[in-house]
Structures are given as C-alpha cells and as structure tokens.
Amino acid sequence: MAARPVSDRWRVTSRRPVDLSARDASAKTGAPGDKDATKAHTATLRARLAELQAKLYAEGSRSLLVVLQAMDAGGKDGTIRAVFEGVNPQGVKVVSFKAPTPEELAHDFLWRVHAQVPSDGDITVFNRSHYEDVLVVRVHDLVPEAVWRGRYARIRAFEELLHAEGTTIVKIMLHISAEEQKERLQERIDNPEKRWKFNPADLSERHHWDAYQEAYGEALGQTTARHAPWYVVPADRNWYRNWAVLQILVDTLEQMNPQFPPAAEGAEDAVVV
Ligand code: ATP
Ligand code: MG
C-alpha cells in the first residue's frame with residue numbers, strides 16, 4: 001500500500017463542524033526537524049513545486065485552484081510569497097477577493113469567483129474567496145441565514161463542476177491564535193514598514209473572533225470533500241506554516257502527476273539550420 005501523504009495530518013475528513021479552539025495554532029507536529037531542518041526541507045519542496053508546476057503548464061490540459069483563507073493577519077500574503085517564490089510566474093496567478101463592488105453585489109456570489117478560476121495549465125491562488133460569503137457575510141448578517149446556509153450546497157456544487165471539468169481544488173485555512181493575531185496587528189501599527197497594511201476595521205473585527213471561528217468551523221465541515229479537501233494548518237509559526245503549505249501543494253500535484261506532452265512528430269531527428 002502506498003504511504004499516506006504527509007499532508008493527510010491537516011486534512012478535514014468529517015462533515016462535522018471543526019472545533020478550531022481545540023486545535024493548537026502553534027503546533028509543529030510532523031515537522032522534519034527543528035526550525036533550521038524544517039527550513040532546509042522547505043527549500044527542497046519549493047524546488048519540487050517548481051518542477052511540478054512546469055510540467056502542469058507544459059501539459060496544458062488541467063489546472064490547480066488553491067483557496068487560502070485566514071483570519072485578519074493570518075499570514076496569507078506571507079505564505080504566498082514564501083511558497084511560490086521559485087515558480088514560473090507565467091503559469092501562476094494570485095487573485096485577491098475584497099469586499100464586493102456594487103456590480104459584483106448585483107450578481108450571485110459566485111459570479112466574480114467563476115470568472116477567475118484557473119485556465120488549463122495554470123495554478124491560481126485565491127487570497128480569500130467565495131468562502132467569505134459564508135464567513136464575513138454570516139458574522140455581519142449581510143444576508144439572511146437561510147441564504148448563507150444554502151450557500152454550502154451551492155459551493156459544493158460549484159466545486160464539483162470545476163473538478164469535473166479538470167480543475168483540482170485544494171483549500172487551506174491558516175489557523176492562528178487570537179494572541180498571535182493581537183501581536184501581528186500591533187506590529188502593523190508599530191512598524192512603519194508594515195503600517196500600510198493596518199486597517200482600523202481589523203480592530204473591531206477582532207471582537208467577533210468567536211463568531212468567525214464558529215463560522216469557519218462549520219464551513220470547513222460542510223464543504224470538505226474528497227475532490228476539494230480542506231486543510232487546517234497551524235500558522236502561528238511562519239516556518240512551520242510555509243513547510244506545511246508546500247507539503248500540501250506538492251502532495252496534491254504529485255497525485256495529479258502532470259507530464260510533459262510528447263514531442264512533435266520527427267522532433268528527435270530535427271536539426272536546426
Ligand atoms: P490581511 O489579512 O493581510 O489583512 P486582507 O485579505 O484582509 O489582508 P484587506 O484588503 O484588508 O485584505 O481586506 C479584504 C476585506 O474584504 C476583508 O475584510 C474581507 O472580509 C472582505 N471581503 C472579501 N470578500 C467579501 C465578501 N464576499 N463580502 C464581504 N466582504 C468581503
Ligand atoms: Mg485585512
């Protein structure tokens with residue numbers, strides 16, 4: 001029997017709500033060693049990701065969608081920077097979803113999302129996603145409960161459609177603790193180079209911590225699927241988080257097993273003159 005992928009450790013496999021408060025955000029279980037050893041393995045995984053991405057791009061017939069979700073200051077930006085550092089930018093796209101514009105709001109919640117899913121050969125990373133429509137929207141009562149509750153099924157159907165049409169989906173929640181968020185928000189205020197990221201609204205959002213954690217917990221359970229699994233990654237420690245996210249992506253791409261396409265007829269004997 002094949003060995004279980006390392007990333008199985010963080011995979012959500014049950015429909016039951018995930019109790020995030022019971023999960024240690026500073027865990028470093030399963031790491032290949034201490035911080036230095038883990039960073040060394042992270043570099044190896046980064047090189048492997050680059051190889052796999054090059055093949056996916058060359059193959060040009062399937063795609064990978066990576067959904068990244070986290071509380072404010074949860075480390076989405078830093079993760080994207082650290083994880084995708086070595087890949088060919090030609091085949092990788094990052095899409096950030098902000099509060100919807102009036103035009104977006106005048107459509108169904110998946111309208112703006114569907115328009116951004118990856119093309120064949122591409123990896124697209126969603127920095128926030130359609131999950132905001134069952135998270136912030138739920139916490140702030142932006143639509144009636146019956147509407148956001150119905151969205152779990154809409155999301156499942158949408159992701160099934162993408163999967164059936166050749167898009168592999170992997171969904172990652174970076175799980176930080178409330179204490180870590182406090183430190184990171186304070187750092188955004190205190191450090192002039194990080195101040196541009198500070199949003200005063202983050203302070204009031206913080207008061208809804210428990211409601212967000214509950215909304216996350218339910219969304220994770222309701223929408224995890226064999227073909228579109230959720231992973232909850234302990235993210236208080238950046239080095240562990242970067243290693244874990246890379247491990248998930250490498251495991252996913254290895255499962256996809258992309259191949260360079262066969263050379264054109266006669267290519268082996270061709271001579272450039
Ligand atoms: P960071 O985590 O580093 O602060 P960010 O992803 O929060 O980065 P911002 O520009 O600060 O980036 O915030 C984007 C905001 O858009 C978030 O507050 C998010 O909740 C909000 N948003 C995204 N999608 C929706 C949606 N569908 N409905 C309402 N608000 C949304
Ligand atoms: Mg923000």
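Counting starts at 1 for both ligands and their atoms, in listed order.
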Contacts of type side chain to side chain donor-acceptor pair (under 3.5 Å), residue Arg151, not counting sequence neighbours: none
Residues Glu104, Lys98: salt bridge by 4.0 Å N-O rule: no
List the atom pairs, donor and acceptor, that lie under 3.5 Å between side-chain atoms in residues 207-217 and the rest of the protein, sequence neighbours left out.
| residue | atom | partner | partner atom | Å |
| --- | --- | --- | --- | --- |
| Tyr212 | OH | Glu205 | OE1 | 2.3 |
| Tyr216 | OH | Gln69 | NE2 | 3.1 |
| Tyr216 | OH | Ala70 | N | 3.2 |
| Tyr216 | OH | Ala70 | O | 3.2 |

Residue pair Thr168 / Arg62, side-chain donor-acceptor N/O under 3.5 Å: no
Show me the donor-acceptor pairs within less than 3.5 Å that the side chains of residues 256-273 make with the rest of the protein, sequence neighbours left out.
| residue | atom | partner | partner atom | Å |
| --- | --- | --- | --- | --- |
| Asn257 | OD1 | Gln259 | NE2 | 2.9 |
| Gln259 | NE2 | Asn257 | O | 3.4 |

Residue contacts for ligand 1, heavy atom to ligand atom, distance under 4.0 Å: Asp72, Ala73, Lys76, Phe97, Lys98, Ala99, Pro100, Arg112, Arg128, Glu132, Asp133, Val136, Val137, Arg188, Lys197
Within 6.0 Å of NZ in Lys93, more than 12 heavy atoms from elsewhere: yes
